[in-house]
Amino acid sequence: MEKLSKNNLIANRVISMIIGILMGVALVIVGALVDVSTLIWLAMVVWGIIVIIGNIPGVVYSIANIKNKGAIFDLIMSVIGILLGVGLIISHNEVISIILAAYMIIFPIIRIILAKGNWAEQLKREALRIILGVVLLVFGGTFLAIGESVLKILLAVIGWVVIGLTVIFGVVEIIRIATAKPAAKQDEPVYVDHTEA
């Protein structure tokens, strides 16, 4: 597989920057224009979708390895996660968010404990779920009761932070790519002159 040229790498970073900036601008605009009840509904629906998508690979993997006892546990937990995600989309209330948050924290920790010496590797796999669970636990209940002005300010701040970090990291990465020395070509044939003088 050929390596991307500098121009292609820079173009990829520029596209990533544009996407990041647009996401930040969208957060600022949504915070300014959309009412709180719609924002809460949208946030819970997006969270439910993330949970469902995050558990689909577990279902697929478990079905493919159904003969393994551990796969049955993963299948049950993944199906429960999908059902909780659907529940969050349909009925986004404080009780469901707390149950889902507990699920996202407790069961990854159980999987880490059962990893049989592979704890570090399993922790890498489960870290995102645990972090999302903690965030949902902290903000799930309070998010539903948060004041309108606070929520709008929070979205604006997050939007500007996303824009700022996207620009900073994008520019740094573009400078790094532009100033990088070209790598030495590999797998080139070496010709040895065997003729005698």
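It should be emphasised that the depicted structure is a prediction, and the values quoted were computed from it without experimental measurement. Residue numbers count from 1 along this sequence. Values below: every heavy atom of this structure, side chains too, minus hydrogens, waters and symmetry copies.
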Exercise. OG1/Thr166 to CG/Leu22 distance, rounded to the nearest 0.5 angstrom?
Worked result: 10.0 Å
Exercise. Can you get from Ile80 to Val60 by hopping between Ile, Leu, Val, Met, Phe, Trp and Tyr side chains that sit under 4.5 Å apart?
Worked result: yes
Exercise. Going hydrophobic residue to hydrophobic residue with side-chain gaps under 4.5 angstrom, can you get from Ile19 over to Ile10?
Worked result: no
Problem set entry | Student check: side-chain heavy atoms of Ile158 and Val28 closer than 4.5 Å | no
Exercise. Is there side-chain contact between Met17 and Val171, with at least one heavy-atom pair below 4.5 Å?
Worked result: yes
Exercise. For the residue pair Ser78 and Val59, what are the closest heavy atoms and their distance?
Worked result: CB-CG2, 3.5 Å
Exercise. CD1 of Ile72 to CG of Leu75: how many Å apart, nearest 0.5 Å?
Worked result: 8.0 Å
For this session: Could you tell me the separation between the CD1 atom of Ile109 and the CD1 atom of Ile130, rounded to the nearest 0.5 Å?
Result: 5.0 Å
Problem set entry | Test log, rule side-chain contact (heavy atoms from CB on, under 4.5 Å), inputs Met104 and Val51 | CA-CA 9 Å; Met104 293 174 74; Val51 170; 3.9 Å; yes
Exercise. Can you hop from Val86 to Leu84 via hydrophobic side chains spaced under 4.5 Å?
Worked result: yes
Exercise. Is the shortest heavy-atom distance from the side chain of Arg13 to the side chain of Phe169 under 4.5 Å?
Worked result: no
Exercise. Going hydrophobic residue to hydrophobic residue with side-chain gaps under 4.5 angstrom, can you get from Val79 over to Ile89?
Worked result: yes
Problem set entry | Shortest non-hydrogen separation from Ser62 to Gly58 and the atoms involved | OG-O, 2.6 Å
For this session: Report yes or no: do Ile175 and Ile177 belong to one cluster of Ile/Leu/Val/Met/Phe/Trp/Tyr joined by side chain heavy-atom distances under 4.5 Å?
Result: yes
Exercise. When rounded to the nearest 0.5 angstrom, what is the spacing between CD1 in Ile76 and CZ in Phe107?
Worked result: 10.0 Å
Problem set entry | Gap between atom CG of Leu123 and atom CD1 of Ile112 - 0.5 Å precision | 4.5 Å
Exercise. After noting the C-alpha distance and the side-chain angles of Trp160 and Leu165, does the key distance pass the side-chain contact (heavy atoms from CB on, under 4.5 Å) rule?
Worked result: CA-CA 9 Å; Trp160 285 111; Leu165 291 176; over 6 Å; no
Exercise. When rounded to the nearest 0.5 angstrom, what is the spacing between CD in Glu126 and CD1 in Ile110?
Worked result: 10.5 Å
For this session: May I have the step-by-step check of side-chain contact (heavy atoms from CB on, under 4.5 Å) for Leu9 and Ile174, ending in yes or no?
Result: CA-CA 8 Å; Leu9 288 171; Ile174 288 170; over 6 Å; no
